[in-house]
Undergrad: 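The following block contains the structure, expressed as C-alpha cells.
Residue numbering restarts at 1 for every chain, and letters A, B, ... go by the order of the sequence lines.
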Amino acid sequence: MALYNFKKIMVVPTSKEFIDITLSKTQRKTPTVIHKHYQIHRIRHFYMRKVKFTQQNYHDRLSQILTDFPKLDDIHPFYADLMNVLYDKDHYKLALGQINIAKNLIDNVSKDYVRLMKYGDSLYRCKQLKRAALGRMCTIMKRQKQSLEYLEQVRQHLSRLPTIDPNTRTLLLCGYPNVGKSSFINKVTRADVEVQPYAFTTKSLFVGHMDYKYLRWQVVDTPGILDHPLEERNTIEMQAITALAHLRSAVLYVMDLSEQCGHTLKQQLELFNNIRPLFANKPLLVVANKCDIKKISELTEEDKACDKLLAARVDSKMKGKKVHDVLNRLHLAMPAKRDDKPRPPFIPEGAKVGRKTMEVDAPKRKTERDLEMEMGDDYVLDLQKYWDLMNQDEKHDVIPEIWEGHNIADYIDPEIMKNLEDLEKEEELKVKAGEYESEEESEDEEMQEIRQLAKQIREKRKMKIVCSKEKDVHGPRMPRTVKKVERKTLEKEMGGLGLDMTGKDAVSRFSFSSHYAVNARRSRSVTVLKKRKREASVAPTSRTRSQSASRPPRDQSGVRDPKMAKKAKKLMKSQQKDMNRQGKKGEADRHVFDLKPKHLFSGKRKSGTNDHR
Amino acid sequence: MWSLSRQTYFKPQNEHIELHRKRHGQRLDHHERKRKKESREAHERSHKARKMIGLKAKLYHKQRHSEKIQMKKTLKMHEQRKTKQKNDDKTPEGAVPAYLLDREGQSRAKILSNMIKQKRKEKAGKWEVPLPKVRAQGETEVLKVIRTGKRQKKAWKRMVTKVCFVGDNFTRKPPKYERFIRPMGLRFKKAHVTHPELKATFCLPILGVKKNPSSPLYTTLGVITKGTVIEVNVSELGLVTQGGKVIWGKYAQVTNNPENDGCINAVLLV
C-alpha cells in the first residue's frame with residue numbers, strides 16, 4: 001500500500017521562470033568563449049553542446065514534474081475520486097498530457113537542429129542555428145503557461161490535504177450541516193476544527209486520531225450534506241460523498257434532536273434514507289446529538305461505534321488464515337479458585353465514612369473553603385459563577401482575546417483614545433520633572449577617572465575620523481609603509497598616547513625609522529636594475545611589515561645548518577641547468593619544437609643543402 | 001496493528017494558516033512592520049538596479065524599461081481622461097472627399113485591360129515579388145568542393161551547402177557518377193508560408209522550386225536560398241477560382257536564409 005506523499009512534489013515554476021532558469025543555466029554551465037578562427041569541428045561542437053544542454057535541462061525538469069504528480073490510476077480510488085472532485089480529472093490529465101507533448105517536441109527540435117549544425121561551415125551559421133533552436137524550445141515552453149499555472153495550484157492544494165489512511169480503522173461522521181460533527185471530533189481527538197454557528201463551516205475533510213482499546217482510530221469529519229440528488233451536489237458535498245463511498249469505516253450519522261441546525265427531524269430522516277445505499281457493508285450508528293437541549297434517551301455513544309467496527313473487522317479477519325497463527329499464541333489467563341471463600345473487592349472503612357458524610361452534610365450556604373475541602377485536588381476557584389449577567393448561560397464562556405483577527409482589548413473602553421492622550425501628557429510632565437533620571441551614585445575616584453578617559457578617547461576618535469575625511473582629496477594614495485615617517489611626528493603621536501619617547505633607544509625599539517627608510521629605498525630602486533650577486537643567498541635582515549616576525553623565508557625553512565642549505569642550493573641549480581639548456585620557460589613548459597620542418601624534408605633536391613634546400 | 005508511539009502530533013490540515021490568523025490575530029507590531037517593509041521596497045529595488053552587473057543586469061534593465069513604459073502609458077491615459085481631445089479616428093477606406101463623389105469607379109474596360117497587362121507580365125516572367133532584389137550567391141558559397149580519389153586530388157564533385165528541395169520520386173545517380181551531392185540533412189519538404197492579406201501563417205508542403213534568382217543551375221538543383229520562388233500546395237487553404245475550380249498550387253517567395261534558421265519562411269504571391 002503506497003500512501004502517496006503529496007507533500008514531496010517539487011514546486012512547478014511559471015513558464016517565464018522556467019525559461020529564465022534554463023537559459024541562465026545554459027549560459028553558466030557551458031563554455032562561453034569561441035572565436036572565428038577555431039577549427040570548424042570545434043565551433044560545431046561548442047554550439048551543439050549548448051543546444052543539447054538546454055534540451056537536457058528541459059527534459060529533466062519536465063520529466064520530474066510528470067513523475068511527481070500522482071497518476072489517478074495508480075493511487076487508491078478514494079484519493080483518485082477526491083482529486084476528481086476537487087481538480088477535475090479531465091483537466092488534470094490534459095495538463096499533464098500537454099507537458100508530455102511539450103517534452104517530446106523539445107526533444108525533436110533539438111535533434112533536428114543538431115543534425116543541421118553538422119553542415120554548418122562558419123561560426124555565424126552555427127550561431128544562428130543555435131539561436132533558432134533555443135528560441136524554438138522557449139516558444140514551446142511559453143505556450144505551456146496555463147498548464148503550469150494550473151499544476152502549481154493543484155500542487156499547493158494537494159500538499160495541504162489531510163493524510164487519511166484508507167485502510168485503517170476509521171469512524172466517519174456525516175449528517176446535515178451544523179448538527180455537531182466538528183464539535184464531536186474536537187472533543188474526541190486532538191484535531192482543532194473550526195466550529196461556528198453558520199452552516200458549511202467545515203468545507204473539506206478533516207482527520208483526527210484517538211485511542212480506544214490500545215488501538216489508534218481515525219476519525220474523519222466531513223462537510224455537511226444537503227438533501228438533493230447526486231447531480232446537483234457541489235464540490236464541498238461531493239467530498240463527503242466520496243469519503244462515504246470509498247472509506248471502509250463505521251459511519252456515524254449525526255442527527256440534531258433540537259432542530260437547531262435548521263432542518264426538521266423528518267428532513268434528516270429523509271436524507272438518511274437517501275444516502276442509505278452508501279452505507280452498505282459498513283457498521284452504521286445513528287447518533288442523536290444536542291440532547292441536552294431536548295431530552296431523548298441517547299441511542300449510541302462512541303464506544304458502541306468502535307466496538308461494532310472492531311467486531312466486524314475481527315469477523316472478517318477470523319475468516320482469514322493468518323488468524324490461526326495469532327490465536328495459537330493468545331491465551332486468556334484467569335486466576336483459578338483455590339477454595340470456596342468469596343473474595344469481593346476490598347474498600348477501606350475510611351472511604352466508606354467519607355462517602356457517607358459527603359451525602360449527609362448539607363450546610364445552608366456552602367463556602368468556598370468547604371468546596372475546596374470537599375473536592376480536594378479537583379477544586380478550581382471559579383468566581384465567574386457569581387457574576388450577574390443578562391443571559392445566565394454565558395457566565396462560563398471564555399472571553400476571547402482575539403476575534404476575527406482583531407484585538408478585543410482595543411474595543412472595550414469607548415474612551416480609550418482620550419485616556420491614552422491623558423496618559424501621554426502625564427508621562428511628558430514626569431519626564432520634564434526629571435523623575436526618570438538615574439541617581440548619581442557616589443562614584444569613587446577611580447570610576448570617575450575611567451569615565452573621563454573614556455570620554456577623551458571617544459572625542460579623539462571622532463576627531464580622527466573627521467580629519468581623515470577632510471584629508472581625502474588626493475584620491476588614490478601610496479600606502480603608509482612606503483612613506484617615510486618623521487621622527488618628530490612619531491614622537492608626538494606616541495607621546496600623546498602616553499608613551500615615554502625620550503631617549504634614542506625608545507625610538508629604535510620600534511625600529512620605524514630604519515624600517516621606513518629601507519622600504520622607501522626599495523620603492524625608489526625599481527627603475528635602477530641592480531645586478532644581484534649569485535651568492536646573495538642570505539636573506540635580507542629587515543623584512544616588510546606585512547610578514548610576521550615568526551615566518552622564515554622559504555629557502556631557510558626546514559634547513560638545519562649551512563651545510564644542508566648549501567646542498568639544497570646545489571640541487572636547485574642542477575635542476576635549473578637542465579631546463580635552461582632546453583630553453584624552457586618553466587616546469588610546465590612542454591612545447592615540442594618542430595624537429596622535422598617540412599621545408600627541409602620535402603620537395604626535390606635541386607641545388608642546395610639540407611640546411612635550406 | 002499496535003501503535004508504536006502514543007504521541008500525537010498536530011498535523012496542519014486544509015486552511016490552517018488562515019485559521020490561525022483568525023484565532024490568534026497577528027503579531028503586535030505586524031502592521032508597523034508591514035508598512036515599513038513596503039516603504040523600503042523602493043529603496044531596495046533601486047539599490048538592486050544600481051549594483052547588478054553582467055547579463056542579469058541587461059535582462060533586468062530591459063524588463064524594467066518595459067514596465068516603466070507601461071506605467072507612463074497608464075499615467076498618460078489617465079491624464080487624457082481629464083482633458084478633452086480632438087477625435088482622431090482614421091478615415092475609412094474608400095472614403096472620398098465631397099467634390100469627387102459624383103465620379104464613377106473603375107469602368108469595366110479598365111478591368112479588362114488590367115487583366116491583359118498582368119497576363120503579359122506573367123508571360124514575360126516578371127512577377128511582382130516582395131523581395132525584388134536579392135544578393136546573388138556565388139558558387140563557392142553554395143557548392144563545396146569534395147575531394148576524391150586515392151590521393152584526394154580529384155576535385156570534380158560538389159556538395160550543396162544550402163537547403164534544397166528534391167521531389168518525391170527523386171533517386172540519386174550512382175555515387176561514382178553523381179557530380180552534385182545534396183545531403184539528406186539539408187533536404188526540406190515543408191515551408192512556413194504567410195498569406196500577406198490574412199496575416200496568417202501555414203505550414204505547407206513544397207511542390208517544387210520555380211526560380212532561384214542567383215543562377216539557373218541552382219533552380220535545376222533545387223537549391224532554396226533567400227529570394228527563391230517556390231511552388232507550394234495550397235489545397236489546405238481552400239481557395240477557389242471564379243470558375244469554381246479548386247486552386248491547389250501557388251507561388252511563394254522565400255524571405256529568410258533557411259540554412260541559418262533551420263526552416264523555410266515564405267510569403268505567398270497573390
Undergrad: Among B/L19, B/L186, B/N257, who wins on heavy-atom pairs under 4.5 Å with chain A?
TA: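 Answer, by heavy-atom pair count under 4.5 Å with chain A: B/L186.
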
Undergrad: Measure distances from A/F206 to the heavy atoms of chain B and classify the residue's part below 4.5 Å as side chain, backbone, both or neither.
TA: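 For A/F206, backbone and side chain are both near chain B.
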
Undergrad: Would you call A/R131-B/D261 a salt bridge at under 4.0 Å N-O?
TA: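 Result for this pair is no, no salt bridge flagged.
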
Undergrad: Could you tell me which non-hydrogen atom of A/P162 sits nearest to which non-hydrogen atom of B/Q13, and how far apart they are?
TA: CB-OE1, 3.0 Å

Undergrad: More than 12 heavy atoms of other residues, nucleotides or ligands under 6.0 Å from CD of B/E18: is that the case?
TA: yes

Undergrad: Just how far is it from atom CD1 of A/I402 to atom CD of B/Q26, taken to the nearest 0.5 Å?
TA: 9.0 Å

Undergrad: Side chain from CB out, backbone as N, CA, C, O: work out which of these in A/Q27 comes under 4.5 Å of a heavy atom of chain B, or both, or neither.
TA: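 Only the side chain of A/Q27 comes within 4.5 Å of chain B.
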
Undergrad: Within a radius of less than 6.0 Å around CZ of B/R21, do more than 12 heavy atoms belonging to other residues, nucleotides or ligands occur?
TA: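 Atom CZ in B/R21 is not crowded, with 12 or fewer foreign heavy atoms closer than 6.0 Å.
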
Undergrad: Is any side-chain heavy atom of B/Q63 less than 4.5 Å from a side-chain heavy atom of A/K16?
TA: yes

Undergrad: Report yes if some heavy atom in the side chain of A/P400 is under 4.5 Å from a heavy atom in the side chain of B/R23; otherwise report no.
TA: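 No, side chains not in contact.
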
Undergrad: Can you tell which of A/L116, A/T189, A/L205, A/L129 has the highest number of heavy-atom pairs within less than 4.5 Å of chain B?
TA: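 Of A/L116, A/T189, A/L205, A/L129, A/L129 has the most heavy-atom pairs under 4.5 Å with chain B.
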
Undergrad: Roughly how far apart are A/Y119 OH and B/K162 NZ, rounded to 0.5 Å?
TA: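 One gets 15.0 Å once the value is rounded to the nearest 0.5 Å.
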
Undergrad: Got a sec: does the CZ of B/R27 have more than 12 other heavy atoms crowding it under 6.0 Å?
TA: no

Undergrad: For A/V193, is it the side chain, the backbone, both, or neither that has a heavy atom closer than 4.5 Å to a heavy atom of chain B?
TA: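 Contact with chain B involves the backbone of A/V193 alone.
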
Undergrad: Take A/Q128 and B/E259 through the test side-chain contact (heavy atoms from CB on, under 4.5 Å) and record every step on the way to the result.
TA: CA-CA 9 Å; A/Q128 292 299 96; B/E259 71 274 3; over 6 Å; no

Undergrad: Side chain, backbone, both or neither: which part of B/L55 has an atom under 4.5 Å from a heavy atom of chain A?
TA: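 Contact with chain A involves the side chain of B/L55 alone.
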
Undergrad: To the closest 0.5 Å, what do you measure between CD (B/E15) and OG (A/S204)?
TA: 6.0 Å

Undergrad: Rounded to the nearest 0.5 Å, what separates atom OG in A/S122 from atom CG in B/N260?
TA: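 The CG atom of B/N260 is 7.0 Å from OG of A/S122, to the nearest 0.5 Å.
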
Undergrad: May I ask you to check whether over 12 heavy atoms, not counting those of B/M71, lie within 6.0 Å of atom CE?
TA: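 Yes, enclosed.
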
Undergrad: Is the closest basic N to carboxylate O distance between A/E194 and B/K22 below 4.0 Å?
TA: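 Yes.
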
